[in-house]
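To start, the structure under review is shown below, and the notes come after it.
In this chain, residues are counted from 1 in sequence order.
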Amino acid sequence: MQLRSDPSTATKIRRMKQRVRWQEPAIARHNIDQTRLVFGEADPDESEFSFLAIGDSGTGYHRGHRPQRQIAELLLKHRPDCQFLLHTGDVVYQVGSSEYYYPNFIKPYREFLVGGDNPKAIAYDRMTFDFPILPVPGNHDYYDLPFLYQFVAPFVGTIRHLLRSQVDFDIGRHGSFQGQAYARAFLDCLELYRDAELREHLDRHYRGKVGNSRCLRYEIGLFTRLPNRYYQFRRGGIDFFALDSNTFNDPVPLPNTPEGRARRRELIDRLNQVEREKQQFTEAIARLNPDSPEDRDHLDDLNAKLEQIDEIKLDIEKNLHVNSKSVIDFEQLGWLERGLIESWNTSQVRGRVLYFHHPPYVTEATKWNQAQTLAVRHRLRAVLNAVAEAIGDRNGSRPVVDLVLNGHAHCLEHLYTRDTGSADSHIHWIVCGGSGYSLRRQRPEGPELEEAIAGNERRVVAESRRFVGRSGHGKHKRRPYSGLRIDVQSGCPPKFLIYPLVAERIRGEWHFPESEPFVVGG
């Protein structure tokens, strides 16, 4: 049985709009921008500041060890010098359900929450942060469970015990309810308020000012909600754009042409192959004993491969089942385009950072050729091309954005795009998706990424300059989990000093190597 399903894009958009009462008259009358937030008392002359970043963290289950907690402790050491923490998505595995927010988020990050000295008393939908945590949703934060699963859920634990496989995917009795758990945990769900309560709530918490509009004020330790699933804020002259890539990652429908039909046959063959591989790994897992130290490490590896196979399977199915009626979130993409153009027309802005879940560029083993990667890359390119055309030569030789942060790939990676033929050229891309879940290896093809440009002609469009992920085999295996500290330096364009924060597990022991920082931008 497939233990997770992905709601349609139309469902994700519709349900999230309902939760924040998107642009309803009662909110519009207050002249509120539901995509902006302000927080803290930032110095308008501030030009240097630091922040933290993590991604793909949300699992509580590792056989006797907790990588996510190791990264949390590294973050705590840097917290006094940093202003906020960005999360690139997949806050809670496997299906973003509310019942796993305590072990998979609240407990490991308890020092970042009000009342963290007693984390069991914190309800997932009543969290208040005493240090700003600013996430975007990942694909797992939207996943649901098949309807049939509710009938077998009570027996899953017994089945695992009988098989002695301890296959634990952090799956309980329900899924995310189309992202509801994520929304209740992080967003300002205005649907919970009656009209009279709504007016009072808006007057209390939407006191920020952006231009001629009001916006949400994020108050550390008091009210730490986000206005929407995608949003924007400014710090130290840098505009940060947080995106929900889950609603613009649907592949382009396969054409009803000989080439399209041939591609469909290839995908079906690949899907059948993946199903066979999944069966082989499942059988291998069932033969191992989780109580055996020799088997325990191997079980972790096999479960990681099984999860990776499920991800490939979902991507193929998404590609096969998409059709011409599939919805693309052009509303969000248009918002990003307008926001970037406005940012370039604002004299006090000196840089722009995007962060979202699905990486357009990545050399992790399976992601580059996935249909979702291609879809996100092409749609982001279209936005950046439109922005470049609108601003003309105002950016000079600078790229349209200075830095992009992503998750989804379970690694830490720094990539740089060459001349792609589009406005995503010469940009630095940081994949930060190795903060707690199973790590992945780099693709065997190497660090350069190629695209077809005409016929059979191909060109290198990007290169990986640093990759931190699973490596080695047997007793030489290394698992370097990671987060980031990023120092934004003064100047225009800004430079970003990137500090990898690494907790590496080797032969059952934790090591904390000092990684050399590197500079991007400028």
Side-chain angles (χ1 to χ4, degrees), residues 35 86 88-89 136 230-234 237-252 328-346 349-362 367-368 370-409 413-432 449-453 459-465 492-494 496 520-522:
T35 64
L86 305 183
T88 60
V136 290
Y230 59 90
Y231 54 96
Q232 176 187 356
F233 65 93
R234 183 172 298 164
I238 308 295
D239 275 346
F240 289 83
F241 295 86
L243 308 177
D244 180 2
S245 57
N246 296 279
T247 56
F248 57 87
N249 68 333
D250 276 359
V252 175
I328 302 300
D329 193 358
F330 290 113
E331 184 176 32
Q332 180 187 183
L333 295 172
W335 168 84
L336 175 61
E337 178 184 330
R338 293 188 300 273
L340 285 171
I341 293 170
E342 179 185 350
S343 180
W344 275 100
N345 288 329
T346 304
V349 177
R350 61 192 180 95
R352 292 141 204 94
V353 174
L354 310 184
Y355 67 104
F356 52 95
H357 188 59
H358 298 83
Y361 294 93
V362 60
K367 295 291 189 299
W368 176 245
Q370 286 190 4
Q372 294 173 78
T373 302
L374 181 64
V376 171
R377 184 163 71 252
H378 284 186
R379 287 170 187 138
L380 182 64
R381 275 181 180 172
V383 171
L384 299 184
N385 286 342
V387 173
E389 182 178 357
I391 65 176
D393 60 359
R394 267 170 285 177
N395 61 326
S397 59
R398 288 180 61 181
V400 171
V401 297
D402 299 278
L403 181 65
V404 182
L405 298 168
N406 301 115
H408 196 48
E413 183 168 22
H414 169 214
L415 302 106
Y416 179 74
T417 41
R418 300 181 185 178
D419 181 4
T420 67
S422 296
D424 62 348
S425 302
H426 311 302
I427 293 176
H428 293 274
W429 311 74
I430 306 292
V431 177
C432 183
L449 296 171
E450 294 184 340
E451 275 188 329
I453 56 174
R459 68 176 169 193
V460 175
V461 292
E463 61 187 16
S464 176
R465 295 185 171 181
C492 182
F496 301 87
V520 303

Distance, nearest 0.5 Å, that separates [atom1] of [X] from [atom2] of [Y]:
X    : Y    : atom1 : atom2 : value
Y361 : I430 : OH    : CD1   : 15.0 Å
N249 : L374 : CG    : CG    : 11.5 Å
L384 : E389 : CG    : CD    : 13.0 Å
D419 : H426 : CG    : NE2   : 5.0 Å
L354 : N406 : CG    : CG    : 8.5 Å
F356 : L336 : CZ    : CG    : 8.5 Å

Any side-chain heavy atom of [X] sitting closer than 4.5 Å to one from [Y]?
X    : Y    : answer
W368 : R377 : yes
R465 : H428 : yes
R381 : D424 : yes
L449 : L415 : yes
V431 : W429 : no

_Could you go through D329 and D244, starting from their C-alpha distance and side-chain angles, then the distance that decides it, and tell me whether this counts as side chain to side chain contact (heavy atoms under 4.5 Å, CB included)?_
CA-CA 9 Å; D329 193 358; D244 180 2; 5.8 Å; no

*Run the side chain to side chain contact (heavy atoms under 4.5 Å, CB included) check on Q232 and T35 step by step: do they pass?*
CA-CA 6 Å; Q232 176 187 356; T35 64; 5.6 Å; no

Looking only at non-hydrogen atoms, find the nearest pair between [X] and [Y] and report the distance.
X    : Y    : value
R398 : R350 : NH2-O, 3.1 Å
P360 : T373 : O-CG2, 3.6 Å
S464 : E413 : OG-OE2, 2.6 Å
G407 : P359 : O-CD, 3.3 Å

*Apply the test side chain to side chain contact (heavy atoms under 4.5 Å, CB included) to residues C432 and L405: give CA-CA distance (whole Å), side-chain angles for both, the deciding distance (0.1 Å), then the verdict.*
CA-CA 7 Å; C432 183; L405 298 168; 5.6 Å; no

*Results of ring pair (Phe, Tyr, Trp, His ring centres under 6.0 Å) for Y230 - residues two or more places apart only*: W335

_For the backbone of D250 and the side chain of R379, can you confirm whether one donor and one acceptor N or O come within less than 3.5 Å of each other?_
yes

*Contacts of V136 that satisfy side-chain contact (heavy atoms from CB on, under 4.5 Å) - sequence neighbours left out*: A242, Y355

*Using only heavy-atom distances, determine whether the side chains of T420 and S425 contain a donor-acceptor pair under 3.5 Å.*
yes

*Salt bridge D239-R352, side-chain N to carboxylate O under 4.0 Å*: no

